[in-house]
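Here the structure comes first, spelled out in structure tokens, and everything after it is commentary.
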Amino acid sequence: MIAEVDALGHDARTARLVALAPELLEVREAEPRDRYALPPLPDAENGVVMRFAPNPSGPLHLGHARAAALNDAYVRQYGGRYILRIEDTDPKRVDPEAYRSVPEDMAWLGTAITETVYQSDRLELYYDYARRLIERGGAYVCTCENERFRELRQAKTACPCRAGEVEEDLARFEKMLDGGYVEGEASLRVRTDLEAPDPALRDFPVFRILTSTLHPRIDASVYPLMNFSVAVDDHLLGCTHVIRGKDHIANTRRQQFIYDWFGWTPPHFRHYGRMGIEGVVLSTSEMRAGIAAGRYEGWDDIRLGTLRALARRGIEPEAVKRAMLAIGVGETDIQFSWENLFAENRAIVDPLADRFWFVPEQVAIEVSGALPREARPLRHPGLPSRGTRTLAFEGGVVVSAAELGGEVSMLRLKDLFNVDVSAVEDRFQFAYAGDDLADAREAHAPIIQWLPIGETVPCTLRRPEGDLDGVCEPVVREAVGRVVQFERVGFARIDSAGPGGVVAYLTHR
RNA sequence: GCUGCUAUAGUGUAGUCCGGCCAAUCAUGUCGGCCUUUCACGCCGACGACUGGGGUUCGAAUCCCCAUAGCAGCACCA
């Protein structure tokens with residue numbers, strides 16, 4: 001009997017059920033899923049407090065954008081506060097420039113930041129909570145050699161410093177603050193669980209002494225490590241949910257010890273998987289090295305994955321956010337594909353971009369048998385109200401060398417007329433061949449962009465794979481800063497226009 | 001090595017918690033067609049995946065075990 005039912009297809013089963021017992025049939029709604037929807041957050045009905053907490057070591061890149069966009073989307077969805085927290089407690093990894101560039105990049109991305117916090121402003125606060133932690137027996141000052149401590153930790157053995165009295169540890173911590181120890185001589189450690197299966201959790205450090213590198217904003221020599229400052233700040237700032245990469249999973253477990261010592265309730269954590277990006281380095285230090293070595297022009301070099309590089313290419317911030325939301329918060333490691341970002345961007349930019357003609361590697365050709373006339377191509381074929389531009393043909397045109405050669409015997413100069421193509425020696429000639437578009441279609445003549453001789457400006461189209469030189473319409477000079485579409489070539493952002501001509505960056509096809 | 005996490009088409013993603021409506025969703029990509037004075041946009045169609053092996057069950061992408069692969073952490077970085 002069951003086997004018989006199994007053998008039926010879904011439709012047949014439904015039909016039988018309707019015939020036998022229609023009241024049992026429930027139709028499940030098949031709502032088309034929003035591609036950008038994120039899974040619901042627990043305990044979020046009354047709003048959330050979330051944060052984006054970058055280390056100010058350089059401009060933001062696509063990896064940061066994922067964290068920034070995901071947290072942003074949740075704050076928008078549930079309402080609440082969105083804190084930008086600058087985590088500058090390691091002076092070795094602070095680039096003073098980043099205090100300006102990070103907020104700039106966030107502004108470009110368009111996130112709903114409600115407040116900005118600098119951890120370097122909060123050192124006294126961290127010292128204060130360190131004292132409280134020591135008073136609760138949750139931390140001790142350790143003066144063991146690094147190497148020695150590692151061995152002990154591996155053997156699940158307490159180091160000698162661990163047995164100290166609270167008063168003594170309190171005094172030793174003050175000694176740290178007063179400069180009584182040199183760099184590396186002493187650190188504050190949390191009492192965790194020496195039996196913890198993961199050695200990373202055993203009595204990890206939370207404060208260190210650092211005098212060899214000066215902090216660009218403050219005068220300090222004792223710094224909290226991120227697990228301490230992050231836990232204290234997340235608690236004090238009232239963070240309810242934390243979305244971060246899974247490289248922080250071990251940190252979450254470490255921070256749990258701090259929450260436990262203080263008796264605080266931790267926020268809800270969620271860790272997404274690692275994201276690789278085809279063809280680019282996302283490491284700030286590698287990018288910095290490449291710029292220093294002259295391999296890249298700067299932080300906005302289009303071969304880089306920084307937000308400013310994307311902006312320079314003509315990628316819209318909204319496209320970046322959509323691409324990140326489409327990826328979501330999965331724990332699987334992924335390979336980010338430019339194709340997906342480009343598709344999001346194309347959808348945004350296509351209705352906005354005016355169409356212009358760019359003729360790469362132009363050759364000038366005389367056209368015989370044609371009278372002067374004007375072509376008036378539309379600025380946007382889907383939106384005729386945008387108007388036209390005017391190109392005056394007076395007997396000669398430039399076209400792309402790539403269009404010629406081979407079997408081509410007829411071409412349609414777009415919005416002008418047809419020409420027959422002939423070659424004498426290695427020189428091409430065009431001869432007027434009628435206005436009728438149908439003729440060109442019938443002959444399978446390619447419809448190509450062209451420009452009148454003399455009515456062009458030099459144009460360099462910069463692409464990750466190399467520059468493409470040619471000429472474009474003079475009016476393109478008025479589009480600096482905007483994304484246009486060079487017909488049959490691709491979308492491009494007009495970067496500059498000077499006496500030397502136009503420089504454009506290819507956005508994508 | 002130790003401690004964890006993950007595994008669905010080329011890429012991203014839904015479904016996995018609560019096994020049957022999954023001959024597996026959507027997007028992107030590729031190919032073909034239509035539209036079009038762009039190789040864009042739009043429309044139509046095709047292609048393409050449950051890591052492998054056992055087990056439980058009438059029935060497994062979904063539950064269990066093993067294997068494999070990838071990733072993360074084991075810093076006085078974030």
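All figures in this text were calculated on a predicted structure; none of them were measured in a lab. Reckoned from all heavy atoms, side chains included, excluding hydrogens, waters and symmetry mates. Order of the sequence lines fixes the chain letters, A, B, ..., with proteins taken first and strands second; residue numbering starts at 1 for each chain.
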Tell me whether the count of non-hydrogen atoms from other residues, nucleotides or ligands lying under 6.0 Å of CD in Glu361(A) goes above 12.
no

Does any part of the side chain of Arg66(A), heavy atoms only, come nearer than 4.5 Å to the side chain of Ile327(A), both counted from C-beta?
yes

If pairing requires Watson-Crick or G-U wobble contacts with both distances under 3.5 Å, which nucleotide is the partner of U16(B)?
none

Base partner of A69(B), which must satisfy Watson-Crick or wobble distances under 3.5 Å:
U6(B)

Hey, is the side chain of Arg355(A) pairing donor to acceptor with the base of A40(B) inside 3.5 Å?
yes

Mind checking Gly328(A) for me? I need base, sugar-phosphate or nothing, with any heavy atom below 4.0 Å counting as a touch.
nothing

Contact class for Leu225(A) vs. all strands (heavy atom < 4.0 Å): base, sugar-phosphate, or nothing?
sugar-phosphate

Using a 4.0 Å heavy-atom cut-off across all strands, classify Phe491(A) as base, sugar-phosphate, or nothing.
sugar-phosphate

Does Arg389(A) make a cation-pi contact with Trp357(A), if we ask for NZ or CZ under 6.0 Å from the ring centre and within 45° of the axis?
yes

For C39(B), give the paired nucleotide (Watson-Crick: N1-N3 plus N6-O4 or O6-N4; G-U: N1-O2 and O6-N3; both under 3.5 Å), or none.
none

Classify His271(A) by what it touches in the nucleic acid, base, sugar-phosphate, or nothing, heavy-atom distance under 4.0 Å.
nothing

So Pro446(A), base contact, sugar-phosphate only, or nothing? Heavy-atom distance under 4.0 Å.
nothing

Under 4.0 Å between any heavy atoms, over every strand shown, what does Arg153(A) touch: base, sugar-phosphate, or nothing? Just pick one.
sugar-phosphate

